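All of these numbers come straight from a predicted model, not from anything done at the bench. The figures here come from the full heavy-atom set of this structure, side chains too, leaving out hydrogens, waters and symmetry mates. We're numbering straight along the sequence, starting at 1.
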Amino acid sequence: MKTNTSILIAAFATLVFSSVTNASAINQTKGNFEDKFRQLDEVLPTPNVYRNAAGEPGQQYWQQKVDYKIKVSLDEQKRRLTGHEKITYHNNSPYRLKYLWVQLDQNIFKDDSIANMANNFGGVGRRGPYTEHGDENKPAKISLGELRRQQFMTDNELGYEISAVTDHRGKKLSFTIVGTQMRIDLPKPLKSGDSVKFAIDFAFNIVEEDAVSARSGYEHFADDPRPGGNDIFLLAQWFPRLHAYTDYEAWTNKEFLGRGEFTLEFGDYEVEIDVPADHIVSATGVLTNPKDVLSKTQRNRLKAAKTAKRPVFIVTEEEALENEKAGTNKRKTWKFKAENVRDFAWASSRKFMWDARGYQQGGEEMPLVMAMSFYPKEGGALWKKYSTESVIHTMEVYSRFSFDYPYPTAQSVNGPVGGMEYPMITFNGPRTELQDDGTRTYSQAEKRFLIGVVIHEVGHIYFPMIVNSDERQWTWMDEGLNSFLDGVAGREWDPNIPWGVEPRDIVGYMKSENQVPIMTQSDSVLNLGPNAYTKPAAALNILREVILGRELFDFAFKEFSERWRFKRPTPSDFFRTMEEASGVDLDWFWRGWFYSTDHVDISIDKVYQMRLDTYDPDIDFSRQRQFEQDKPSSLFVERNKAEGKKLWVELNPNIKDFYDDNDRFTVTNKERNEYKEFLESLKPWERKTLARALEEDKNYYVLEFSNIGGLVMPILLELTYEDGSKESQYIPAEIWRRTPKHVRKLIVTDKDKVLTNVVVDPGWETADVDVENNHYPRRIIPSRVEAYKKAKSKIKVKRDIMQDIKTELKSDKKEVSND
């Protein structure tokens, strides 16, 4: 006889495993165990005095500061910028610097730039016009857009002309240009705590954005009434500016290849912009000389806009249309000042109408923010209705998740750039369509695009223009965090717009072969959109809604935002802060989602229904007999019965014995006596526990799961019962800790709750790539079929020149412009 405790253990083991076949299936093959919960500290940089283990700036955290005073002139006819900048570089690092590295982003357009020379024809991940390489039986393809780009770059001298680099006394400094970078050699090393002043004279020809697919440039409107047409100029990456010097990488002097954006230092700017007198200028910062460039009426409108309920036009549509008709030889200089920004961008055109509305933010730092939009007639009612309102909505939502908007202006400018962001100013592309009756309309897609792109780009003023991540290294830190938040803001505007941040939006990419981990350096990412935007946004959405819950996530995310406001975080700072502030170990989550290309595919393979053995042989043997009888009988035996065949013992009853009337489920007194002895041997608490369990007679179900995709995640269950009721259950990801490939879960229900159906992730909340293996029993897969008639091939097998030569040449309906 077994001891009491061992009997109970055996009873429980029987409960869990007696009906489960091959329990060893969940074990790892010898030597192939992979710890999905292995701590991430072995991958992350070691905490130090600059960045501590909690993800905070350390006691000796530092960052450089760079101040600029710039005078720039726009030659509209030549589409050329000429500038002079005075730079003050503050060395706040503990190190001496022998030289400084400057970014020359316009040099990417030079023929000999690495970006151009290393361009892979039709290569994966190419930004801009699509090209395709054919096989030996088909011609290769090159888009007209790509041809246009090549022709523009051939016809124009592009890149910087650096005419002088001098110290504060005007003495020439030695410099070396290396692609899109310039090294300035200092006469003597710049000591820690010291600053150095120098100046750069520069000029360059502005690219046509539509031709080269750039982040800035001009757009030409040949059909405007002004002779020669008009242009919109969007100027970014327009002045030589310092590379960042950091504690984690020293000089961040990676070549600009077009995709990896910018790593910059904060500083103060004073910028004077000389443009044609009829231009309207939008720029980073605050206009400091409004009396010189705006009429009294315009200034009064701007003042009224501060307290208006809806946007007020500073430059009306009628005034903008009048500006379009004729140019001027006169000039005006617009002066802007911006404090504690990491970049400066601006836009200029005589086509701009301008509306503004004050956002009454409250708080001590910046209680009033001027939300403003600049757009041509092509923007139409779409921009009038939604641009400035979208700017304000973005600030309201983002401030809840991070911090109050700290700058005096937030601007949205329409031009050729589909979407780009800079401090206090964003470039956004959607427009209306001119109809034959002279009206302008817009599609639902254009409306959604405008609202979405304004939210996204204004959101970038928070990330990375204030929370200053390294975009050249980790695109996801600005695009992913921002895409997550623009999804929050967007769904608070209109939840029906497909924001691309839901877990279901990333499943196609996550099961594709063309992947790299999120943590891949920007220029090496294969598919930038899903990798840097959608996947991290969906991951954070899952982290908030499924794993941490909103309260813990929002607290931790706000903590990260406030810690790194106007500072430079790295991924490790984000990972550590989210764990430290939430109190949840998330190493498994970061490792799976950010460092691997595993995907989520959890399959429910089997569900076992069991009943607790009573140890009363009269009950248990009867149950076992019934279980055997419920099994399908032999087809051979059934057909014999159907044919009326008699058994041998039926034909010869005199040969029957004891076992013809008794089977292995027949109970004897021996089993009954053993049962009594078993009950008598139990301790009081053991007998009470068993008695209650038998009285309740609950249903015991063992659910068996496989992790096919490799990415461990919580298991979300929807249980459906015989009475039609449903129940949700949450199984934490930690269930996979010791057996990351297969797990089993015991679920106990009341005896009247008979389980009929199980669905894993019924709401598609975890990015599971195969929802069909989430059903038990398996469902019939819903799909569609469409009848069709086979179309004739449009490919001509041969040319009938004898017939085709009779064809009359059609006259041109419209003369093609060469502009």
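Summarising the local packing, CD of Glu492 is surrounded by more than 12 heavy atoms from other residues, nucleotides or ligands at distances under 6.0 Å. With a 6.0 Å radius and a threshold of 12 heavy atoms from other residues, nucleotides or ligands, Lys384 has its NZ atom above the threshold. Counting non-hydrogen atoms of neighbouring residues, nucleotides and ligands closer than 6.0 angstrom, the CD atom of Gln435 exceeds 12 such neighbours. When the shell of 6.0 Å around NZ of Lys306 is examined, it contains 12 or fewer heavy atoms from other residues, nucleotides or ligands. More than 12 heavy atoms of other residues, nucleotides or ligands shown are found within 6.0 angstrom of CG on Asp437.
Under the 4.5 Å side-chain criterion, counting only non-hydrogen atoms from C-beta, Met182 is in contact with Val165. Looking at heavy atoms from C-beta onward, Pro430 lies out of side-chain contact with Tyr442 at the 4.5 angstrom threshold. With a 4.5 Å cut-off on side-chain heavy atoms, Asp404 and Met366 do not count as touching. Within the 4.5 Å cutoff, no side-chain heavy atoms of Gln411 are placed close to those of Val391. Side-chain atoms of Glu324 and Pro225, non-hydrogen and from C-beta on, do get closer than 4.5 Å to each other. Side-chain contact between Gln64 and Tyr89 is present, with at least one heavy-atom pair separated by less than 4.5 Å. At a threshold of 4.5 Å between non-hydrogen side-chain atoms, the residues Lys71 and Lys86 do not count as touching. Contact check for Val207 versus Phe152: side-chain heavy atoms found under the 4.5 Å cut-off.
With Arg472 as the partner, the side chain to side chain contact (heavy atoms under 4.5 Å, CB included) test is satisfied by one option alone out of Thr263, Leu264, Leu257: Thr263. Checking each of Asn414, Leu382, Ile455 against Leu450 for a side chain to side chain contact (heavy atoms under 4.5 Å, CB included) leaves exactly one that passes, namely Leu382. Test Phe374, Tyr375, Phe313 against Trp354 for ring-ring contact (aromatic ring centres under 6.0 Å, His included) and you get one pass: Phe374. Each of Lys351, Lys325, Arg350 was compared with Asn230 under the side chain to side chain donor-acceptor pair (under 3.5 Å) criterion, and only Arg350 meets it.
Although no hydrogens or angles enter the test, the distance criterion places no donor-acceptor pair under 3.5 Å between the side chain of Thr88 and the main chain of Val66. A donor-acceptor pair under 3.5 Å is absent between the side-chain atoms of Asn482 and the main chain of Asp478, judged by distance alone. Side-chain N or O atoms of Tyr160 include one that pairs as donor or acceptor with a backbone N or O of Trp238 at under 3.5 Å. Without hydrogens or angle criteria, Asp75 side chain to Lys78 main chain gives a donor-acceptor distance under 3.5 Å. Between the side chain of Ser113 and the backbone N or O of Lys110 there is at least one donor-acceptor pair closer than 3.5 Å. Put simply, the side chain of Trp499 gets close to the backbone of Ile497: a donor and an acceptor are under 3.5 Å apart. A donor-acceptor pair under 3.5 Å is formed between the side chain of Thr288 and the backbone N or O of Lys335. Remark: side-chain polar atoms of Thr409 are not paired, donor with acceptor, to backbone N or O of Met370 under 3.5 angstrom. Between the side chain of Glu433 and the backbone N or O of Thr441, no donor-acceptor pair lies under 3.5 Å. Put simply, the side chain of Thr284 never gets that close to the backbone of Phe344: no donor and acceptor are under 3.5 Å apart.
Using a 30° and 60° split on the angle between ring planes, Trp334 and Phe336 fall in the parallel class, below 30°. Relative ring orientation between Tyr386 and Trp493 is described as perpendicular, the plane-to-plane angle rising above 60° on a 0-90° scale split at 30° and 60°. Relative orientation of the His456 and His460 rings is perpendicular, given thresholds of 30° and 60° on the angle between their planes.
Scanning both residues, Ala356 and Ala305, for their nearest heavy atoms gives O-CB, 3.5 Å. In this structure, Pro240 and Ile87 approach most closely via the heavy-atom pair O-CD1, 4.3 Å. Considering every non-hydrogen atom in both Ile466 and Ile461, the closest pair reads CG1-O, 3.0 Å. Ser282 and Val413 make their closest contact through OG-CG2, 3.5 Å (heavy atoms, listed as atom of the first residue, atom of the second, distance). Shortest non-hydrogen contact noted between Ser561 and Phe403 is O-CE2, 3.6 Å. The shortest heavy-atom contact between Gly415 and Ile232 is CA-CG2, 4.2 Å.
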| field | Glu365 and Arg565: CA distance, side-chain angles, deciding distance, salt bridge (Lys or Arg N to Asp or Glu O under 4.0 Å) verdict | value | CA-CA 14 Å; Glu365 183 176 17; Arg565 179 175 179 264; 2.4 Å; yes

| Pair Val454-Thr426, side-chain contact (heavy atoms from CB on, under 4.5 Å): steps then yes or no | CA-CA 8 Å; Val454 171; Thr426 63; 5.6 Å; no

| Evaluation steps, side-chain contact (heavy atoms from CB on, under 4.5 Å), between Leu74 and His279 | CA-CA 11 Å; Leu74 170 64; His279 274 217; 4.2 Å; yes

| field | Verdict with reasoning, Thr388 to Ser373, per side chain to side chain donor-acceptor pair (under 3.5 Å) | value | CA-CA 6 Å; Thr388 298; Ser373 295; 2.7 Å; yes

| task | Show your working on side-chain contact (heavy atoms from CB on, under 4.5 Å) between Met424 and Tyr405 and close with a plain yes or no. | result | CA-CA 10 Å; Met424 299 185 236; Tyr405 186 87; 4.0 Å; yes

| query | Would Tyr68 and Phe239 satisfy ring-ring contact (aromatic ring centres under 6.0 Å, His included), going step by step from the backbone distance to the final call? | reply | CA-CA 10 Å; Tyr68 298 84; Phe239 63 101; 5.3 Å; yes

| message | I'd like to know whether Phe427 forms a side-chain contact (heavy atoms from CB on, under 4.5 Å) with Glu209, so could you lay out the CA-CA distance, the side-chain angles of the two residues, the decisive distance to 0.1 Å, and finally the verdict. | response | CA-CA 12 Å; Phe427 301 157; Glu209 201 282 337; over 6 Å; no

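Distance check, rounded to the nearest 0.5 Å: CD of Glu457 to OH of Tyr422 gives 9.0 Å. Atom CG of Asp486 sits about 4.5 Å away from atom OH of Tyr398, to the nearest 0.5 Å. Atom CZ in Phe233 sits 5.0 Å away from atom CD in Glu76 (nearest 0.5 Å). Rounding to the nearest 0.5 Å places CG of Leu528 at 5.5 Å from OH of Tyr533. Atom CG of Asp523 is separated from atom CD of Glu255 by 9.5 Å, given to the nearest 0.5 angstrom. To the nearest 0.5 Å, atoms CD (Gln77) and CZ (Arg79) are separated by 9.5 Å.
By the 4.0 Å N-to-carboxylate-O rule, Arg241 lies too far from Glu265 to be salt-bridged with it. The residues Lys330 and Asp278 are annotated as not salt-bridged, no charged nitrogen and carboxylate oxygen being separated by less than 4.0 angstrom. Using a 4.0 Å cut-off between charged side-chain N and carboxylate O, Glu446 and Arg440 make no salt bridge. In this structure, Lys65 pairs ionically with Asp268, as a charged nitrogen and a carboxylate oxygen lie closer than 4.0 Å. Residues Arg301 and Glu319 are paired through a salt bridge, judged by an N-O separation under 4.0 Å between the basic side chain and the carboxylate.
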